[in-house]
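These notes are about the structure you will find just below.
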Amino acid sequence: MKTPVIASIGLLISSFSLGQTNDTTQLKEFTITEKRSAKQFDQSARVVTTIDKKEIEQAPVQTVDELLEFALNVDVKQRGPYNVQNDISLRGATFEQTLILLNGVKLSDPQTGHHNMNLPVRLEDISRIEILHGGASRIYGTSAFAGAINIITENAEENTVSGSVTGGEYGFYQAGVTATTAFENHSHRISASKSGSDGYIDNTDFERTNLFWQSEIDLNRLSLMANAGFMDKGFGAQNFYTSAFPRQFEKTRTYFSSLTAEYDFDKTHIRLRSYYRQHHDRFELYREGIDYYQRTGNGRFVMGNDTVPSWYNGHNYHQTAAYGSDLNVAHTWKLGETSVGVEYRKEEIYSNVLGHDLAEPKPVPREPSYAQFTQFDERENYSAYIEHNFKWKDLFMSMGTMYNINSQFDDEWFPGVDVSYEINKHFQPYASWSRSLRFPSFTNLYYEGGNSVGSLTLEPEKSVNYELGTKFVSSWFRGHVAAFRREGKNLIDWIRYNNSDTAYAANITEVNINGAELNGFFNIHKLLGEDFPVFSVRAGYTYLMADTTSRNFESSYVLDFLQHKADLALTSKEYSGFQLTANASYQDRVGGYRNAEEMRETPFDPVFLTNLRLRYRYKQISLYSEISNLFDQDYVDIGNVQLPGRWVKIGFRFIIR
């Protein structure tokens, strides 16, 4: 490994001695969608971190989860690299308390939040990522308990074909291609990618396929956007869910489609959106394969002299569907803008372990005949909301409420109010208050196996959210400082009592999270001139504290969060086509995990992660060398799941216009 590392570092260092070219940019205004109606950054009374197209292109990463690893107050708990499986959370929340959206469409999986990041898009398809910090149930519904991450794909503006190929250690490969075409009033995008690896340790191999299509039609006042995607992924899941049975494996498939229609009158905007998401999951507690366990004629599994226990009757199979529609009408009048709307969502699951008994078993699609669904459950959700935004002189206010009806749980109100005051064009203090709620997933309710036991008596999680801060904007800087508090009740966690090996789903009575964060994006060339070797810097720091600790039990999620997180992203000036980007993150996680060797709770160690990329660009071709985990840190984010050390990759991208 040393030779490619030394060579790559040599290339990185040598880039600073090369000639210079100009590469300047402005701090442009951008539109965010953290309300029922889109607002500019300086009109928003909430914290919304936006990662734009240029930052995405320059970042030394291959996938969305890697990009978010270095974003402000985002906790990416990895079970595997390159989006094999990641739990994404905001501001100390759990992975199921953060809503993931694609172009405003909810992607959250009702089986488990472990599948929320099964995205059908390439990194190159993304125009920007909006991260809404803090409770957002009033805006996005129950899943946005602690915030939301909206991934927005790029519009096709010209006829192009682009692609990328990357290779690296441990048999890593990634290849993808995108084609776009644009006409006077309609445009289209289609992309495909394939990636995989032999694994950095035993049983960490993976293979993934993505397909994505987008079409847009502009008919004067009416605009239409259609999306469809497919993702297929299989991966060795060494120690993923329990260290008692380390040789696990998982296979997932996701189908996704949506259609959005928007119509503009003079002062009224109408949006109608419908979507469908189907997810398939096969989980093998004992991995079946040539070099692993083999199924015998009597249905038992054997690997050499090792025969699985008699209680293991076979793999777990799940199929979920989530579909719905929402209608939003926004009207501008002399007292501001008022938005009203309704939303419907239905969630279903077929499984052989989750749900109520089916009258008759149902075959599992694309699996052998012995694989049968024996359980089923479903729930429906209806909501109606109203929101009003107005600006009087330098005061901006957004207030509203959502009323939610669920077929399995009690009705709930989600009110909230956001206020900001523009002291001058550079300085804008703000404050917000809201209520949030999340319903248990089907896994929380029903799962039993592999030393985990769910509970049908779980109640929904609830919280009250407070935030106070200020935003700063200038020609060369954009940032904010904030303090916040989330008062949580009935939070759902998987906990172990008295050093037991079994984790139980339970409501923790009350957990309050207090925190502070500061974040800034600096355009160094605007500040110090274009001759300065550093082009831009993004820096952020977050501190979190809970007023409850895990007494007499071990917490798997709620009380394991990043107490300290400091992030730095640096982009150099471009020199004769060469450009260096570096992302660094210091992460200090509270809580611990049950050590598989010592059989006791072990605290998490702090970790300092650094990714580097050197890019050479010539016309429409870019070559790059990339190093992830530069300092070869030995660390875990979850349980006993060992994450990879230093990993070197090289690749190229091209675009044909």
Side-chain angles (χ1 to χ4, degrees), residues 25 27-35 38-41 44 46-78 82-83 86-91 93 95 98-108 113 116-134 136 139-140 143-144 146-155 176 178 189 191 193 210 212 214 225 227 229 231 256 258 478-480 517 519-521 536 538-540 542 565 567-569 571 581 583 585 611 613:
T25 190
L27 277 175
K28 299 181 291 186
E29 278 297 330
F30 51 85
T31 301
I32 59 178
T33 54
E34 49 81 36
K35 298 195 177 299
K39 295 292 176 187
Q40 297 298 314
F41 176 84
S44 172
R46 295 290 298 271
V47 172
V48 183
T49 301
T50 295
I51 306 173
D52 64 23
K53 181 68 175 179
K54 190 162 189 177
E55 287 184 88
I56 294 171
E57 291 177 341
Q58 294 171 338
V61 299
Q62 297 290 324
T63 57
V64 174
D65 61 291
E66 287 184 288
L67 184 68
L68 294 173
E69 180 81 62
F70 302 95
L72 174 72
N73 221 332
V74 179
D75 186 1
V76 181
K77 288 185 176 181
Q78 296 188 66
Y82 306 112
N83 205 19
N86 297 277
D87 295 343
I88 308 294
S89 63
L90 296 171
R91 288 185 170 176
F95 64 99
T98 299
L99 177 63
I100 307 298
L101 305 107
L102 181 63
N103 295 322
V105 177
K106 299 175 181 179
L107 295 184
S108 294
N116 287 351
M117 287 297 291
N118 285 349
L119 305 171
V121 297
R122 301 176 62 213
L123 201 61
E124 289 82 354
D125 294 324
I126 299 173
S127 172
R128 69 183 187 277
I129 298 176
E130 298 173 355
I131 305 170
L132 173 57
H133 303 266
I139 301 166
Y140 289 121
S143 298
I149 298 175
N150 190 13
I151 299 164
I152 300 170
T153 54
E154 190 172 22
N155 299 333
T178 298
R189 166 184 292 269
S191 69
S193 63
N210 276 357
F212 180 71
Q214 177 171 301
M225 183 172 74
N227 288 147
M231 185 226 67
F256 167 81
S258 68
R478 177 182 288 115
H480 78 273
E517 65 187 18
N519 182 54
F521 177 82
S536 67
R538 181 189 288 274
T542 303
K565 186 171 190 277
D567 301 300
L568 180 69
T571 303
T581 55
N583 285 1
S585 181
N611 286 15
R613 173 184 286 175

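Every value quoted in this text rests on a predicted model; they were computed, and no experiment measured them.
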With distance as the sole test, does T581 use its side chain to make a donor-acceptor pair with the main-chain N or O of A59 at under 3.5 Å?
no

Are E69 and Q78 side-chain neighbours, meaning at least one heavy-atom pair lies under 4.5 Å?
yes

Short side-chain to backbone donor-acceptor contact, K565 and D75, under 3.5 Å
no

Specify the closest pair of heavy atoms between D87 and F95, including all atoms of both residues, with the distance to one decimal.
CB-CB, 3.2 Å

Specify the closest pair of heavy atoms between L101 and A148, including all atoms of both residues, with the distance to one decimal.
CD1-CB, 3.8 Å

CD/Q58 to OG1/T571 distance, rounded to the nearest 0.5 angstrom?
4.5 Å

Does either side chain, that of D125 or that of T153, offer a donor lying less than 3.5 Å from an acceptor on the other one?
no

Would you indicate whether the side-chain heavy atoms of E517 and V47 approach each other to under 4.5 Å?
yes

Side chain to side chain contact (heavy atoms under 4.5 Å, CB included) between L119 and M231, worked out:
CA-CA 7 Å; L119 305 171; M231 185 226 67; over 6 Å; no

State, yes or no, whether a side-chain contact exists between I88 and V74 at a heavy-atom distance under 4.5 Å.
yes

Please round to the nearest 0.5 Å and tell me the distance separating atom CG of N150 and atom CD1 of I129.
9.5 Å

Indicate the atoms forming the closest heavy-atom contact of A539 with L568, along with that distance.
CB-CD1, 4.0 Å

Supply the atom-to-atom distance I149 CD1 to L99 CG, rounded to the nearest 0.5 angstrom.
9.0 Å

Quick one, I131 and L68 - any side-chain contact, counting heavy atoms below 4.5 Å?
yes

Can you sort out the partners of N227 under side chain to side chain contact (heavy atoms under 4.5 Å, CB included), two or more places apart, ordered by chain and number?
N103, F212, Q214, M225, F256, S258

For residues N210 and V121, determine if any side-chain heavy atom of one lies less than 4.5 Å from a side-chain heavy atom of the other.
no

Within the structure provided, determine whether V64 and I151 are in side-chain contact (heavy-atom separation under 4.5 Å).
yes

One should read off an interatomic distance between S89 OG and N116 CG, to the nearest 0.5 angstrom, of 11.5 Å

Going through the checks in order, is the side chain to side chain contact (heavy atoms under 4.5 Å, CB included) test met by R538 and N519?
CA-CA 8 Å; R538 181 189 288 274; N519 182 54; 3.8 Å; yes

Rounding to 0.5 Å, atoms OG1 (T49) and CG (L132) come to a distance of 9.5 Å

Give a yes or no on whether the backbone of N83 and the side-chain of D65 come within a donor-acceptor separation of less than 3.5 Å.
yes

Examine distances only and state if a side-chain atom of R128 and a backbone atom of T50 form a donor-acceptor pair shorter than 3.5 Å.
no

I need the F521 CZ to R478 CZ distance, nearest 0.5 Å.
8.5 Å

Apply side chain to side chain contact (heavy atoms under 4.5 Å, CB included) to residues N611 and E66 and explain how you reach the verdict.
CA-CA 10 Å; N611 286 15; E66 287 184 288; 4.2 Å; yes

Going by heavy atoms in the side chains, are N73 and H133 under 4.5 Å from each other?
yes

I'd like to know whether N583 forms a side chain to side chain contact (heavy atoms under 4.5 Å, CB included) with D567, so could you lay out the CA-CA distance, the side-chain angles of the two residues, the decisive distance to 0.1 Å, and finally the verdict.
CA-CA 8 Å; N583 285 1; D567 301 300; over 6 Å; no

Could you check whether any side-chain heavy atom of E124 comes within less than 4.5 Å of a side-chain heavy atom of E57, counting everything from C-beta outward?
no

Between T178 and R189: side-chain donor-acceptor atoms closer than 3.5 Å:
no

Under 3.5 Å donor-acceptor, E55 side chain and I51 backbone
no

